[in-house]
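Heads up, the thing below is written out as structure tokens.
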Amino acid sequence: MTRQTAAYIYGSSARALETTPLKRREEEIRRRQRQRQKPKTQPKPRIDKVAVFLTVLTFTAVMVVGISYLHLQFQSTYLSKNVINLQSEVVELEKENATAAMNLENSLDLNEIYKTATKKLGMKTPKENQVYTYESNKSTQIRQHGSIPTE
């Protein structure tokens, strides 16, 4: 028994027939042509319209919220500056009011008023039985229902 060496194809127990070099070359050419003819077709990447819509919607929402936030920040800063300006204006007006009140008090001379009332206008101090006091539980506001007589 002689031992024959035979070529095997990987994964197969069948013997490969011996072919001539010309046939081998033709088979290789055919195999390459088949590979060229059947390129591996990859599926075209599809764009998911729902995902694109959700992405655009999310981006728009983020932009709107960001712009609103910036607007509110600007408005807050503007209002803070206005409040500071108004507070300083109130302080100035209070100073002017206090100065005017002090000048008014200094310009009034109670002795001069008393002399004018008693001597020129003929007013007299009331007697003890002419003064009546009472306490009211109602509001301190006064209603005027008619004109006050001048005489």
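Taking CG of Asn82 as the start and OG1 of Thr77 as the end, the distance is 11.0 Å to the nearest 0.5 Å. The CG atom of Leu108 sits 11.0 Å away from atom CG of Asn103, with the distance rounded to the nearest 0.5 Å. The OG atom of Ser107 sits 12.5 Å away from atom CE of Met102, with the distance rounded to the nearest 0.5 Å. Here the NE2 atom belonging to His71 is positioned 11.5 Å from the OG atom belonging to Ser76, to the nearest 0.5 angstrom.
Under the side-chain contact (heavy atoms from CB on, under 4.5 Å) criterion, Val50 pairs with Asp48, Leu54, not counting sequence neighbours.
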### Query
Run the side-chain contact (heavy atoms from CB on, under 4.5 Å) check on Leu93 and Glu96 step by step: do they pass?
CA-CA 5 Å; Leu93 289 174; Glu96 289 177 16; 4.0 Å; yes
### Task
Apply side-chain contact (heavy atoms from CB on, under 4.5 Å) to the pair Glu89 and Asn85, showing each step before the final yes or no.
CA-CA 6 Å; Glu89 188 177 331; Asn85 290 338; over 6 Å; no
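Within the hydrophobic cluster formed by Ile, Leu, Val, Met, Phe, Trp and Tyr side chains joined at under 4.5 Å, directly or through other members, Leu121 is accompanied by Met123.
Within a 6.0 Å radius of CD1 in Ile47, other residues, nucleotides and ligands contribute 12 heavy atoms or fewer.
At least one side-chain heavy atom of Glu94 sits less than 4.5 Å from a side-chain heavy atom of Val90. Under the 4.5 Å side-chain criterion, counting only non-hydrogen atoms from C-beta, Met63 is in contact with Phe59.
A salt bridge between Glu26 and Arg30 is present, with a side-chain N of the basic residue lying under 4.0 Å from a carboxylate O of the acidic one.
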